[in-house]
Amino acid sequence: MLTKELKVKPIENGTVIDHIPAGMAFKVISIIASGRDIDRPMSIVMNVESKRLGKKDIVKMEDLVLKKREVDKIGLIAPEACINIIENASVAKKREVDLPKRVVGIVKCSNPNCVSNQNEPVDSEFVLASKTPIRLRCIYCERDVTNITENLI
């Protein structure tokens, strides 16, 4: 019996986000799609084996360069992610995402009474309280946010 192996076409220029926790690829896509036109070739590979994570997702986007805000959001939901910049079908740059020490305007405080949720002219602002598990502490009300995925703005 012949086995057929499906392969994802390599991209010529763009970004590959590797080592996304299994099942989080669509959240990564929603971060990238927010406020930008993503009418370009894209590949999503889900639940593939990974030595580091057990299972992982991969996102490839042709002709895309991530913005710092997008990288910060991805780092909060996929702290093990690796971002590869592809130029002329080769990896030109490779870097791990960093968990930012301060998070401004990209996560909503879970405290409904926090000043950042009261239509005041302030951006939400958090400090990284813990890396494992990821926990952010609001600088205004000192409430910890642990469910980052649901509180992304």
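Residues Val97 and Val71 form a side-chain contact, since some pair of their non-hydrogen atoms from C-beta on lies under 4.5 Å apart. Between Lys56 and Asp18 the shortest side-chain heavy-atom distance falls below 4.5 Å. The side-chain heavy atoms of Arg69 and Ile106, taken from C-beta on, include a pair separated by under 4.5 Å. Side-chain atoms of Pro79 and Ile134, non-hydrogen and from C-beta on, do get closer than 4.5 Å to each other. Annotation: side chain of Ile58 is in contact with side chain of Val16 (closest heavy-atom distance under 4.5 Å). The shortest side-chain heavy-atom distance between Asp72 and Leu76 does not fall under the 4.5 Å cut-off.
The list of salt bridge (Lys or Arg N to Asp or Glu O under 4.0 Å) pairs with a residue in residues 119-131, not counting sequence neighbours, reads Arg102-Glu125.
Glu62 pairs by the side-chain hydrogen bond (donor to acceptor under 3.5 Å, both in side chains) definition with nothing, not counting sequence neighbours. Contacts of Arg135 classified as side-chain hydrogen bond (donor to acceptor under 3.5 Å, both in side chains), with partners at least two apart in sequence or in another chain: Asp144.
No side-chain donor-acceptor contact under 3.5 Å links Arg137 to the backbone of Ser130. Looking at Arg143, its side chain never comes within 3.5 Å of a backbone N or O of Cys114 through a donor-acceptor pair. At distances below 3.5 Å, not a single donor-acceptor pair connects side-chain atoms of Asn88 with backbone N or O atoms of Ser90. For the pair Glu150 (side chain) and Asn147 (backbone), a donor-acceptor distance under 3.5 Å is absent. Asp57 contributes a side-chain N or O that, together with a main-chain N or O of Gly23, makes up a donor-acceptor pair within less than 3.5 Å.
Taking all atoms of both residues into account, the shortest heavy-atom contact from Ala25 to Met46 is CB-CG, 4.2 Å. When every heavy atom of Met61 is checked against every heavy atom of Ile11, the shortest pair comes out as O-CD1, 3.7 Å. Shortest non-hydrogen contact noted between Thr149 and Met24 is OG1-CE, 3.7 Å.
Hydrophobic clustering (ILVMFWY, side-chain heavy atoms < 4.5 Å, transitive): Ile31 and Val104 are in distinct clusters. Linking ILVMFWY side-chain heavy atoms closer than 4.5 Å, directly or via other members, places Leu53 and Ile44 in two distinct hydrophobic clusters. Under a hydrophobic clustering in which Ile, Leu, Val, Met, Phe, Trp and Tyr are joined whenever their side-chain heavy atoms come within less than 4.5 Å, directly or via other members, Phe26 and Val59 fall into the same cluster. The hydrophobic clustering, which links ILVMFWY residues whose side-chain heavy atoms are closer than 4.5 Å, places Phe126 and Leu99 together. Put simply, Leu128 and Ile74 are part of the same group of oily side chains (I, L, V, M, F, W, Y) that touch within less than 4.5 Å, one to the next.
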**Prompt:** So Asn111 and Val145, side chain to side chain contact (heavy atoms under 4.5 Å, CB included) or not? Walk me through it.
**Reply:** CA-CA 9 Å; Asn111 177 0; Val145 173; over 6 Å; no

**Message:** What verdict does the side chain to side chain contact (heavy atoms under 4.5 Å, CB included) test give for His19 and Ser50, after you've listed the backbone C-alpha separation in whole Å, the side-chain angles of each residue and the deciding distance to 0.1 Å?
**Reply:** CA-CA 8 Å; His19 300 291; Ser50 166; 4.0 Å; yes

**Prompt:** side chain to side chain contact (heavy atoms under 4.5 Å, CB included) between Lys101 and Asp98: does it pass, once the steps are laid out?
**Reply:** CA-CA 9 Å; Lys101 290 180 180 30; Asp98 293 321; over 6 Å; no

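One finds no salt bridge joining Lys60 and Glu12 here, because no Lys/Arg side-chain nitrogen approaches an Asp/Glu carboxylate oxygen to under 4.0 Å.
Residue Gln118 places its CD atom among more than 12 non-hydrogen atoms of other residues, nucleotides or ligands, all under 6.0 Å distant. Remark: Asn119 CG is loosely packed, at most 12 non-hydrogen atoms of other residues, nucleotides or ligands lying under 6.0 Å away. Within 6.0 Å of NZ in Lys27 there are more than 12 heavy atoms belonging to other residues, nucleotides or ligands. Atom CD of Glu142 is surrounded by 12 or fewer heavy atoms from other residues, nucleotides or ligands within 6.0 Å.
Rounding to the nearest 0.5 Å gives a distance of 10.5 Å between CD1 of Ile20 and SG of Cys82. Atom OG in Ser34 sits 8.5 Å away from atom CD in Glu70 (nearest 0.5 Å). The CG atom of Leu66 sits 12.0 Å away from the NZ atom of Lys68 when rounded to the nearest 0.5 Å. We find the CD1-CD distance between Ile83 and Glu96 to be 9.5 Å, quoted to the nearest 0.5 Å. The CD atom of Glu87 sits 12.0 Å away from the CG atom of Asn84 when rounded to the nearest 0.5 Å. Summarising the geometry, atom CG belonging to Asp63 is positioned 9.5 Å from atom OG1 belonging to Thr15; distances are rounded to the nearest 0.5 Å.
A side-chain contact (heavy atoms from CB on, under 4.5 Å) with Ile148 is found for exactly one of Asn151, Leu152, Thr146, namely Leu152. Screening Cys109, Cys141, Ser124 for a side-chain contact (heavy atoms from CB on, under 4.5 Å) with Asn117, the sole residue that qualifies is Cys109.
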